[in-house]
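Worksheet: one structure, shown below.
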Amino acid sequence: MESIKAPRGTRDILGDESWKWARVLEVSRGVAADFGYREVMLPIFEHTELFSRGIGDTTDVVEKEMYTFTDKGGRSITLRPELTASMMRSYLEHDMNRAAQPAKLWSWGPMFRYERPQKGRYRQFSQIDFETLGSPSPLADVETIDASMELFRRLGLSNLQVLINSVGCPECRPVYRETLKKFFSDRINDLCETCQGRFERNPLRILDCKKPGCRDLTGLAPSVTDSLCGECGAHFDAVTSGLSRIGVSVSVDNRLVRGLDYYTKTAYEILAGELGSQNAVCGGGRYDNLAEAIGGPHVPGVGFASGIDRIIITMEGQGACVGDEPKTDIFVIAAAPDAEIDAAALAHELRASGLSADMDFMGRSLKARMKQASQCGALYACIIGPDEKSSGSVAIKDMRSGEQETLPMSSAAARLSLAIGERAR
Ligand code: AMP
């Protein structure tokens, strides 16, 4: 029988990578605390309608990429492809709009999209998501971008490029839509098949197309900035000047769109060269009409989602891994057949006193156990041989210097805590 493998587009995050994930999350938690975002934990599946209304029927995500199924109660359920719609649903469901505004919320976890897998693009991937709900202020936009850049700074990432645009609002976007349609109407045959379909339904999304023929054309298309209404123009200026004031340099990219009515004003993306074609580590923007699209009142909002898988690929590519994989402090070795249980009891005591300790219980030789101690990076080996066993003591070997001393078993934990504490200082 053929062995069962993980489904295409999913992967196991093994020990030599998973500690980096823990580190990214620890740093994210620190940034969230420093910027005043509170963590919310959201369900991994939601009613399909939340995404079809919240992300929009004409997006690739909703049209082609969702993992949707009917549950045993006959409901249409979708594994979440993103977090913003869920966050807004949660905000509305828990009446957070009645408390002081804005609500600054963050979350993280796995997302699911049926995409063609490649480096940096998976069918199950994880995002860190920060959202500021309830404020129309451009300072909220600036703060979310600042938070994402601070996260990347603390993770040691460099050479990131921030692209920013405004997609206008329901006042000015129809005007731009018409301008664009007029521009593409004479050139429709030069567009790819998908974009020909977008021409009627959602011409703004043509700007997003990565196919060379379409890109040649979109490079010549009229810019959205020229069609913005007074309010959207002023908002965009306030966001870009706010970012310049805090030293975040951005490039304006008029082809960056979120071509749906719920997305308003600011759209941004942060790119890292190390990622190849899937080069976005972060995507964000404002969505002042999302709450209404999912049946709520008017709630302005802005936020970003950053892919953890891609953050780690970038960290590795830039040699920016912060810290090291946590090591075991002490390796306990029974060097006499009847000392195994003493070794287990000592390991237990060491762990209870706040140290990390490991031991072998596969019956390996003394030599193999010493090798194991150095392989796991232990600072000290605690050896219980026949002499130590009979005198109730333990030999403590400093793995770096090779020095060894023998202590009563009862004082080993206190002595090692002290020694390891001193090393850490
Ligand atoms: P989006 O929700 O599409 O705006 O994506 C936000 C961020 O999530 C992107 O900038 C990526 O870092 C990450 N991301 C999106 N799709 C995937 C995927 N299929 N695999 C890995 N990361 C992804």
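All ligand and atom numbering here is 1-based and tracks the order in the structure. Predicted model only: the values in this text are computed from it and were never measured.
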> Just wondering, are more than 12 heavy atoms of other shown residues or ligands nearer than 6.0 Å to NZ in K182?
Replying inline: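 Not buried by this count: 12 neighbours or fewer within 6.0 Å.
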
>> Tell me whether the count of non-hydrogen atoms from other residues, nucleotides or ligands lying under 6.0 Å of CD in E26 goes above 12.
In response: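 Yes, because the 6.0 Å sphere around CD of E26 holds more than 12 heavy atoms from other groups.
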
>> Given a heavy-atom cut-off of 4.0 Å, could you list the residues near ligand 1 in chain and number order?
In response: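 Those residues closer than 4.0 Å to ligand 1 by some heavy atom are R113, E115, G120, R121, Y122, F125, Q127, R258, A280, V281, C282, G283, A305, G307, R310.
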
>> Ring of F183, cation from R187 - is the NZ or CZ under 6.0 Å from the centre and inside 45° of the axis?
In response: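 Verdict for F183: a cation-pi partner in R187.
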
> Is the NZ or CZ atom of K104 both under 6.0 Å from the centre of the six-membered ring of F35 and within 45° of that ring's axis?
Replying inline: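 Geometry flag: not set, cation outside 6.0 Å or 45°.
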
When the side chains of residues 209-217 are checked against the rest of the protein, which donor-acceptor pairs come out under 3.5 Å, sequence neighbours left out?
unit_1 : atom_1 : unit_2 : atom_2 : d
K210   : NZ     : D208   : O      : 3.0

> Could you walk me through whether I164 and I145 pass the side chain to side chain contact (heavy atoms under 4.5 Å, CB included) check?
Replying inline: CA-CA 10 Å; I164 194 166; I145 298 174; 4.1 Å; yes

